[in-house]
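Predicted model, so just to flag it, every value in this text is computed and none were measured. Values reported hereafter were calculated over all heavy atoms of this structure, with side chains retained and with hydrogens, waters and symmetry mates removed. Order of the sequence lines sets the chain letters (A, B, ...), proteins ahead of strands, with each chain counted from 1.
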Amino acid sequence: MTVTDPAHAIGKSIPLVRAVSAINWNRIHDDKDVEVWNRLVNNFWLPEKIPLSNDVQSWNTLTPEEQQLTMRVFTGLTLLDTIQGTVGAISLIPDAITPHEESVYTNIAFMESVHAKSYSSIFSTLASTPEIDDAFRWSEENVNLQKKAQIVLDYYTGDDPLKRKVASTLLESFLFYSGFYLPMYWSSRAKLTNTADMIRLIIRDEAVHGYYIGYKFQKGLEGASDERKQEIKDYTFNLLFELYDNEVQYTQDLYDSVGLTEDVKKFLHYNANKALMNLGYEPMFPKDVTDVNPAILSALSPNADENHDFFSGSGSSYVIGKAETTEDEDWDF
Amino acid sequence: MQLATTSTHLIYFSSVSGNTARFVEKLGLPAERIPLFPSEEPLQARDPYVLVLPTYGGGEGRGAVPKQVIRFLNDEGNRNLIRGVIAAGNTNFGEGYCLAGDIIAAKCQVPLLYRVEVFGTPDDVQAVQEGLDRFWTQQSTTSR
């Protein structure tokens, strides 16, 4: 896809830093920068490591409609990753509070480009060139997908650093999930399981990104006046509502034909709550609309079922044994 | 025989992002924080407690338990008083979801009581308050 330089396409340019100091990693202003940097480095991966070709047989068991839906979902995700890699994460660099924060954003930007490329690996493994071209054409013509991209891009090129972080966190922690739903759905039915493995790596990365950008947002808001805090909070919820309305329509465009729209919407609510929490706001959607299909949840996280917990599950059959002596290295699993 | 009238005592760790601290605050129970920096006075538990902590990592499970918590639990006195663990995390970390809770439950032979995401929803707060109430009453009566 040629997402033709989105920043210029809307006639604005992103401010660049005016002066650069060498980054000294031996003088740390915020330990979170080092922690997240290390986490991102440890999580580093490339699509070439995933045996996607093992999914070819499974792909051929999908109906043409299911294949088309899958292709469309992945082009939508490619568009978001392209925006975040080439505009979103980069636009946060000039506002960084610490020099190490700048480095983390460059890492985030690079990984978004890896993600965007990963979808192309899926396409070239599973589909024919005309099918790929067709899906990209759809992504350029779908009104709701383009609107989603446009809303976020507008805020990235605006001049408020905190609003850029809000838009970025909502993209990382909310907007991807209408798309992420589908590979989890296939995985729960033992289809496209290698593709799902790759998507889980992407989801893990986005979780760190959303957490970190949300944290930096909260740091940036700390010293603000009550009036400013209220302004930002109103802005955040308005933007979330605007994106949510659009996301529901986008979800209908994709999933109505396979009857999954309502199931996807629960997944959206569940993730919108976590996006708000990443920004330090209380979750908004009540539990009767965030009860994600357990099959989807366990495709996402194999031990996420409630029975795992002593309070909420049925299992109260733990045995109190004798605690053992522990050393530092014992814990280094 | 004295009836168990005291509420659960919590010990928690929270990084500078403060999500776990925020969850603990919402529970409204007596709580002590494990210090963030090695230069601070280490925390010494005096009474039985439930540990609340976030999970770090996502890198194949390595480093899931924050170092400060490891340091705290390496102290035998502290380890002997732990009665249960509550973990915070995010299902988006897949197999790493609340892994620190599983590791500590296995190491210290105490139940993993509950898991919350980020700083917990209002429903989580209620479930944990009620759950801890029952759990602590049970603990107090069986240990007498």
Could you list the donor-acceptor pairs under 3.5 angstrom formed by side chains in residues 279-286 of chain A, with sequence neighbours left out?
from	atom 1	to	atom 2	distance (Å)
A:E282	OE1	B:K26	NZ	3.3
A:E282	OE2	B:R22	NH2	3.1
A:E282	OE2	B:K26	NZ	3.4

Problem - Which portion of A:F44 sits near chain B, non-hydrogen atoms under 4.5 angstrom - result: neither

Problem - Heavy-atom proximity to chain B below 4.5 Å, by part of A:F180 - result: neither

Handout entry: N/O donor-acceptor pair under 3.5 Å between A:R204 side chain and B:N92 backbone
Key = no

Exercise for the section: Decide whether B:N19 and A:Y215 meet the rule of one side-chain donor and one side-chain acceptor closer than 3.5 Å. Expected result: no

Problem - Within residues 7-27 of chain B or reaching into it, pairs that qualify as ring-ring contact (aromatic ring centres under 6.0 Å, His included) - sequence neighbours excluded - result: none

Practice task
Select one option (side chain, backbone, both, neither) describing which atoms of A:N271 are under 4.5 Å from chain B's heavy atoms.
Solution key: side chain

Exercise for the section: Select, from B:T121, B:T91, B:L132, the one with the greatest count of heavy-atom pairs under 4.5 Å involving chain A. Expected result: B:T91

Exercise for the section: Output yes when a side-chain donor or acceptor of A:S188 lies under 3.5 Å from a complementary backbone atom of A:Y185, and no otherwise. Expected result: yes

Problem - Portion of B:L36 that has a non-hydrogen atom of chain A nearer than 4.5 angstrom - result: neither

Fill in the blank from the handout: When A:K32, A:K274, A:M277, A:K216 are each screened for side chain to side chain contact (heavy atoms under 4.5 Å, CB included) with A:Y211, the one that passes is A:K32

Handout entry: chain A interface, residue from B:G101, B:S15, B:S17 that has the most non-hydrogen pairs under 4.5 Å
Key = B:S17

Handout entry: Toward chain B, the part of A:D205 with a non-hydrogen atom under 4.5 Å
Key = neither

